[in-house]
Amino acid sequence: MTGRRRRRAPPSEPPPAGGLLDWRDPSHWSWTEKPCRYCGFPTNLRDSRRSPAHKVCAEDALALQAAEAADAYQQNGHLA
């Protein structure tokens, strides 16, 4: 038996245009719950590589990755 989890608060700012992932395709769903690769809470969702991940967690990880790449580019003049 799985317990219910509280919902996350809505984001304080709207996401940038094109910043949301589109997971409407049924390939992003699995009947088997597995721990999210980012937060560890159970999810039925799968990313494009079929790894368990919440959509919000995946979007946060992509935003962080993009910010780190932009920072590295500004510091080094090129990507690492």
Side-chain angles (χ1 to χ4, degrees):
M1 182 173 166
T2 59
R4 291 194 158 248
R5 305 253 188 240
R6 291 189 312 175
R7 294 185 126 178
R8 294 180 186 203
S12 56
E13 299 177 17
L20 292 177
L21 297 174
D22 182 5
W23 284 23
R24 290 179 285 183
D25 188 271
S27 67
H28 291 288
W29 175 261
S30 172
W31 290 102
T32 308
E33 265 190 355
K34 290 188 177 181
C36 174
R37 63 188 282 190
Y38 301 107
C39 72
F41 287 107
T43 182
N44 293 91
L45 295 174
R46 302 294 184 262
D47 64 14
S48 59
R49 295 186 178 172
R50 300 297 297 157
S51 296
H54 294 107
K55 183 177 179 286
V56 173
C57 293
E59 289 171 345
D60 289 347
L62 284 174
L64 179 62
Q65 185 180 19
E68 288 174 349
D71 186 47
Y73 186 79
Q74 286 181 348
Q75 288 181 3
N76 302 327
H78 57 83
L79 295 176

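Computation of the quantities below employed the complete heavy-atom set of this structure, encompassing side-chain atoms and omitting hydrogens, waters and symmetry-equivalent molecules.
Counting all heavy atoms, side chain and backbone alike, Thr43 lies closest to Ala53 at CG2-N, 3.7 Å. Residues Thr32 and Asn44 approach most closely at C-ND2, 3.8 Å, considering heavy atoms. Smallest separation of non-hydrogen atoms from Leu45 and His54: CD1-CA, 4.3 Å. Considering all non-hydrogen atoms of both residues, Arg46 and Glu33 come closest at NH2-C, 4.4 Å. Here the shortest heavy-atom pairing between Cys57 and Cys39 reads SG-SG, 3.8 Å. A pairwise comparison of heavy atoms in His28 and Ser48 identifies CE1-N, 4.0 Å as the closest pair.
Atom CG in Asp47 sits 6.0 Å away from atom OH in Tyr38 (nearest 0.5 Å). The line from NZ of Lys55 to CG of Asp60 is 10.5 Å long, rounded to the nearest 0.5 Å.
The neighbour count for Arg49 CZ, taken as heavy atoms of other residues, nucleotides or ligands under 6.0 Å away, does not exceed 12.
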